[in-house]
K.L.:
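I have a structure I would like to understand better, so I am pasting it below and will then ask my questions one at a time.
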Amino acid sequence: MQTGTMDIVVFDLETTGLSPYCEEIIQIAGMRMRDGVILKSEVFETYVNPGKRISSFITHYTGITNAQVCHAPGAVQALAEFSKFVGDATLVAHNGKRFDMPFIRETCLRNSTPVRPIGFIDSIAFSRRLWGRGGGHGLDVILNRLQLDPQSVRRHDARGDVAILAEAVRMMWSRIDPAFLKCPVPAGAGVIPV
DNA sequence: GCTAGGCAGGAACCCCTCCTCCCCT
């Protein structure tokens, strides 16, 4: 993060399943936001070859096929490129504390990839801060609360999810701290390849 | 329309453990 700026990268993973310990990443997308401004030209996106078959359930859920990932880089290369894109920015993902960050951590561990610490914010924290406990904090619930149209993007594709999540984060953040001077919710830490 | 793993947060209770629910693909 540069002095005087709040650089974050909103990101999303698609995977072959829910468990970080036995499933693999198949797509990564990221979008940079600086001081509350979404930099739509500063995007990262790649498919990832999982080294295993994508189940029909996941293809149906995400729209991602085996053909789309078969010539894509593997997780080690894809995560290394993502890490370059991220730089020193703080990562933001929805339910990332339980899903996306463990997926990166465990994927690096399995591949003996050296990692570095990186700041991380779970966007669920913005929702909890704004709307308390009732009603849930799933992405669709939040989009509905913010009157954002989920049909405007391809949901469950990392590129679509990250675009609409970035807008949701921008709106939630601005309702808490319109100046975007610092993160208004507790930030944690995760790891990303060196 | 469909599966399954981990775990935060709350309850009950004074420090842990158990329980339930959430949320991601």
Side-chain angles (χ1 to χ4, degrees), chain A residues 8-31 44-70 72-75 78-79 82 86 90-111 118-146 148 150 153-169 172 183-192:
Chain A
I8 70 171
V9 168
V10 178
F11 82 104
D12 185 50
L13 303 179
E14 304 304 319
T15 69
T16 57
L18 286 172
S19 171
Y21 302 98
C22 47
E23 304 292 354
E24 301 288 339
I25 298 168
I26 56 177
Q27 190 187 26
I28 307 171
M31 186 173 280
F44 177 92
E45 53 182 70
T46 186
Y47 288 117
V48 182
N49 188 332
K52 64 190 270 190
R53 298 289 295 176
I54 299 172
S55 70
S56 56
F57 172 77
I58 292 296
T59 290
H60 190 250
Y61 186 81
T62 64
I64 300 170
T65 65
N66 284 292
Q68 284 171 311
V69 300
C70 72
L79 284 172
F82 179 59
V86 172
T90 297
L91 289 173
V92 177
H94 201 66
N95 199 37
K97 186 171 190 178
R98 286 163 136 171
F99 186 78
D100 303 80
M101 297 310 287
F103 246 106
I104 293 177
R105 185 192 68 221
E106 292 303 317
T107 301
C108 290
L109 201 57
R110 280 199 294 277
N111 292 286
I118 186 117
F120 168 74
I121 301 164
D122 195 324
S123 46
I124 282 180
F126 290 100
S127 179
R128 287 209 178 99
R129 172 79 178 269
L130 282 169
W131 295 294
R133 188 155 294 122
H137 304 285
L139 187 51
D140 283 314
V141 170
I142 291 173
L143 297 181
N144 188 49
R145 284 187 181 125
L146 294 170
L148 288 172
V153 298
R154 187 203 261 190
R155 286 281 282 116
H156 305 300
D157 179 298
R159 295 165 298 186
D161 279 358
V162 88
I164 203 150
L165 176 60
E167 180 60 17
V169 166
M172 291 190 290
C183 182
V185 296
V191 295
I192 194 172

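The shown structure was predicted, so the numbers you read here are calculated from the model rather than taken from an experiment. Just so we're on the same page: letters track the sequence lines, and every chain starts at 1.
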K.L.:
What integer distance in Å separates A:Asp100:CG from B:dC22:P?
P.N.:
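One finds 20 Å between P of B:dC22 and CG of A:Asp100, rounded.
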K.L.:
Whole-Å distance between B:dT25 P and A:Leu165 CG?
P.N.:
10 Å
K.L.:
Tell me the interatomic distance from A:Phe99, atom CZ, to B:dA8, atom C1', rounded to whole angstroms.
P.N.:
17 Å
K.L.:
Using a distance-only criterion (donor-acceptor N/O pair, under 3.5 Å, no hydrogens), is the base of B:dC7 paired with the side chain of A:Arg98?
P.N.:
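A donor-acceptor contact between them is present.
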K.L.:
How many Å lie between CG on A:Asn144 and P on B:dC23, as a whole number?
P.N.:
14 Å
K.L.:
Just checking A:Ser55: base, sugar-phosphate only, or nothing, at a heavy-atom cut-off of under 4.0 Å?
P.N.:
nothing
K.L.:
Let me know the distance between NE2 of A:His156 and P of B:dC2, rounded to the nearest Å.
P.N.:
14 Å
K.L.:
Quick one: which of A:Phe44, A:Phe103, A:Phe82 gives a ring pair (Phe, Tyr, Trp, His ring centres under 6.0 Å) with A:Phe11?
P.N.:
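Among the candidates, only A:Phe82 passes.
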K.L.:
Does A:Gly136 reach a base, just sugar-phosphate, or nothing at all? Heavy atoms under 4.0 Å.
P.N.:
sugar-phosphate
K.L.:
Using a 4.0 Å heavy-atom cut-off across all strands, classify A:His60 as base, sugar-phosphate, or nothing.
P.N.:
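Touches a base.
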K.L.:
With a 4.5 Å heavy-atom cut-off, do A:Val48 and A:Glu24 have their side chains touching?
P.N.:
no
K.L.:
Measuring to OP1 and OP2 of B:dG5, would you say a side-chain N or O of A:Tyr21 lies under 4.0 angstrom away?
P.N.:
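No.
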K.L.:
Can you tell me how far P of B:dT25 sits from CD1 of A:Ile26, to the nearest Å?
P.N.:
10 Å
K.L.:
Without decimals, in angstroms, what is the distance between A:Phe57 CZ and B:dC24 P?
P.N.:
13 Å
K.L.:
When all nucleic acid strands are considered with a 4.0 Å heavy-atom cut-off, which category describes A:Arg155: base, sugar-phosphate, or nothing?
P.N.:
nothing
K.L.:
Assign A:Gly17 to base, sugar-phosphate, or nothing according to its heavy-atom contacts below 4.0 angstrom with the strands shown.
P.N.:
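Answer is base: heavy atoms of A:Gly17 come under 4.0 Å of a base.
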K.L.:
Would you sketch DNA chain B in dot-bracket for me? Only Watson-Crick or G-U wobble pairs with both distances under 3.5 Å count, crossing pairs as [ ], other-strand pairs as |, the rest as dots.
P.N.:
....((.((((.....))))..)).
K.L.:
So which nucleotide from B:dG5, B:dT25, B:dG6 ends up closest to the side chain of A:Asp161?
P.N.:
B:dT25
K.L.:
Can you tell me how far P of B:dC22 sits from CG of A:Leu139, to the nearest Å?
P.N.:
16 Å
